[in-house]
Amino acid sequence: MIKHEIIDKISKYFKLTEFEAEKVYDDIFSIIMNGVKEDNIVDVTNFGEFIIKYNNGKSNGSSNGSEYRRTVEFLSSSGLEEELNQSIIGDASGIYKSVGTTQTTPVIESPTVEPPTVEPPIVDTPIVEPPIAEPPVVEPPTLETPVVETSTVEPPIVKSIDAEPPTVEKPASESISIEEELRRKREEILSKITGPILTVPPILSLDKKEEKPIEPTEPIKPTELTEPEKIEEEAPVKDIFEAPVIPVIEEKTGIIDSDIKTVEEKTEEQADDLSQKSFSDYFSEVSGETKSVTAPEPLNEPEKDVIPKSAVLLHNEIVGSSEPPKTPLIEEPVKSQIPPVSETTPKPELRSEDNSYYIWYKDSESNPTDTQTLSYEYELLYQATKEAEYKSKLRIFVTTFIVFFSVVLLLLIFSPLIYKFFFTPEEFKQNIEKTQEPPPDVSEQKGTPNVIPENEIQQQEQNQVQPPQDTNSQKQVQNEQQITQQNPPVKKEEHQITQETSKQQKLEEQKKQEQQKQEEKKNQEQLKQEQKKQEQEQREQKKLEQKKLELQKQEQKKEEQQKKEQQKKEQQKKEQQQKEQQKKDQQKPPVEKKIEGMVKNSLGWMDDKNKVIYVQLENGKYTIQESAWDSESKANKRLSTVESLGVSGLKGNIVKADLGAKGTWFRIRFGEFSSLEEARKKAEEFRSKRK
Amino acid sequence: MNTVDLINKVAVSNNLSTGRAEMIISIITEKITDKLKKDGSATIEDFGTFHIETKKIGSSIFAESLAGIKKYVLFTPDKHFQDIVNT
């Protein structure tokens, strides 16, 4: 049953339970069915397409109203057809070759070579894939090898077929029995192949696995048999092409059978391997036997034992240790995982002849040992590289620190000298000269008492005149003098000569210094005098300014006084005027303030009865103010009306009065009267007439 | 429905990666082809049966040779599959 085989494979490869694998299996087909139902087409690459068709033969297009039922049709892909048809071709080649052979011994040849010269006596071989899928000697088997090689081998096989006559047919009963035998043998071979696997992990034991396919030393020529019936039918056709071959076969069938069996075993081994090897077969099947043999080791153990040599060597090189590896090293079959560091590292044994590296992609499932080894190796490498980096960085930092620290120390130690040399070079040189000069003798010092005090005086003066020297330099000079005094005089005779010269020089210098001092004194005096003059001038200027200020103040005062006097005079005048006015007012007839029916206001006397105002003029006379209007036209009208009344002695005039905010008013006034009584009488006449 | 869709659906329904789903599908197809090559037919429960048929191409002598024979695969769906399709 395919289902069980598929489920077993899935559970083994992907480490799933049978239940889960079955579930996956069912899901796939259910999804396909639903896809066909919904989308009417399901395409599976390298296999075919499932399409819906209708019973009346039409496609998913329209059908004219008649009832129909949908069916599913399968269209195989070109790849599948090619595989199936190649099986035909393989069968044919095997059949033809079996018919056309004369040799008794089987000749196993390479499949990729010599199609016309092949003469293998293989007749009743089982269905086997074409000779392409031989195991490669050196190269690792890949998924594409069987497919690719099939294409390359097709032409030679075809030629062989075309050249050779068709195969010989045999009775059906014999073919069935042969088939059964072949199947049994195949099963035996398969059981042998799926025998106990080596204990070494697969990555490290590539040689053995590579050797497996290489075991058959003799050349192999797998063949195929599709249907013995057809072969039997084609036997007479062969006779046309190779008539003498047939009797040989008929005579030697017994011999051939035995030989064939031995060859078949070998060929089946390889052919079955190749035929059965497919994409899925490249995933290693862990059978029960293998499991029992290759029990997975505990995780802890491989950590100790599985340290590849190259990793340890790398580590040692980086670290710089020459200790032998503690753990038992395992030779690396594949070195592509860890590239070589240097020429001194030993070459891996499992290296191809071309000194090229290759990578073995083996299984989809990862063995814990492999992952552990790889991870441990990488960890070692990583650690080693990191250590090297840190060490290099440390060296750099330490060297820079030492350099800078030393520079700083040197600067601190020699800082005074540096300061002198760079900032006060003159003093430095003088000190050097003084140290070079020999120290003076004590006897000479006594004999020249005058010199000493003068020197002392000069020094004192220098100290006074010159700017104050730095304390450091003074101290150094003192120290040097002390040193020179302390040091005993050596070689007096030589010193005397030098002393005399030095004395002369000193005298000269003293003279010069005296002259300089005198000059300086003069200069100072001159400066002082100038300063004094300047001060005097300044004082005089100040005095003048003060005087000016005083004069100004006096003038101001005078002006103020004058102003005050003027003000006083003006006030006096005003007072006089006021007095005069008062006098005049007093001279004027007394105004009757209290008159019956009249009220005094700002204008004059207001008569409520007659509704007029009696205004006193400047000449002392009184007028009658009849009314006041805000416009001149109105005032003129009123005047004309009053004059039209014909009152005698009422000469009207309009007086304009600007009251400011209140506006301009036009006052109508009539006549001039010497007294109020007259004005009043006239006003009464006026009113009487107006009524 | 493409193979990509099929793979994605299988992966989603069974919490698998797309690579594993693809490998499972390839395993199934390979098994079916192997079975077809060996036995000439392959049956799948609740799905259908695949079987091989041959055709002779041409009428000449060469057509009768194996080069003139061509195989093709036929599929007969199961009742379960037909019922699903026709519902």
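Chain identifiers are assigned alphabetically (A, B, ...) following the order of the sequence lines, protein sequences preceding nucleic acid strands; residue numbering begins at 1 within each chain.
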Side chain, backbone, both or neither: which part of [X] has an atom under 4.5 Å from a heavy atom of chain A?
X	value
B:D46	backbone
B:T76	neither
B:D39	side chain
B:L74	neither
B:I7	neither

(message) A:K9 and side chain to side chain contact (heavy atoms under 4.5 Å, CB included): which single residue from B:I24, B:I27, B:I28 fits?
(response) B:I27
Portion of [X] that has a non-hydrogen atom of chain B nearer than 4.5 angstrom:
X	result
A:V36	side chain
A:T45	both
A:I10	side chain

(request) Answer whether the closest heavy-atom distance between the side chains of A:Y13 and B:R20 falls below 4.5 Å. (result) no
(request) State, with a plain yes or no, whether a side-chain heavy atom of A:D27 is found less than 4.5 Å away from one of B:V10. (result) no
(message) Between A:R70 (side chain only) and B:V85 (backbone N and O only), is there a donor and an acceptor less than 3.5 Å apart?
(response) yes
(message) If you apply the rule side-chain contact (heavy atoms from CB on, under 4.5 Å), what do you find for B:Q82 with A:V72, and how did you get there?
(response) CA-CA 7 Å; B:Q82 283 181 352; A:V72 180; 5.9 Å; no
How long is the gap from [atom1] on [X] to [atom2] on [Y], to the nearest 0.5 Å?
X	Y	atom1	atom2	value
A:N46	B:T3	CG	OG1	9.0 Å
A:K23	B:N14	NZ	CG	5.5 Å
B:I84	A:I32	CD1	CD1	11.5 Å
B:M1	A:N40	CE	CG	12.5 Å
A:I31	B:L6	CD1	CG	6.0 Å
B:D83	A:K37	CG	NZ	11.0 Å

(request) Would you tell me whether B:N2 and A:D43 have side-chain atoms, one donor and one acceptor, within less than 3.5 Å of each other? (result) no
(message) Out of A:V44, A:D26, A:V24, return the one with the most heavy atom pairs under 4.5 angstrom to chain B.
(response) A:V24
(request) If a pair satisfies ring-ring contact (aromatic ring centres under 6.0 Å, His included) and one of its residues is in residues 19-47 of chain B, list it, with sequence neighbours excluded. (result) A:F29-B:F47, A:F50-B:F47, B:F47-B:F75, B:F47-B:F81
(message) Checking B:T33 now: which residues fulfil side-chain contact (heavy atoms from CB on, under 4.5 Å) with it, not counting sequence neighbours?
(response) A:F47, A:L80, A:E83, B:E30
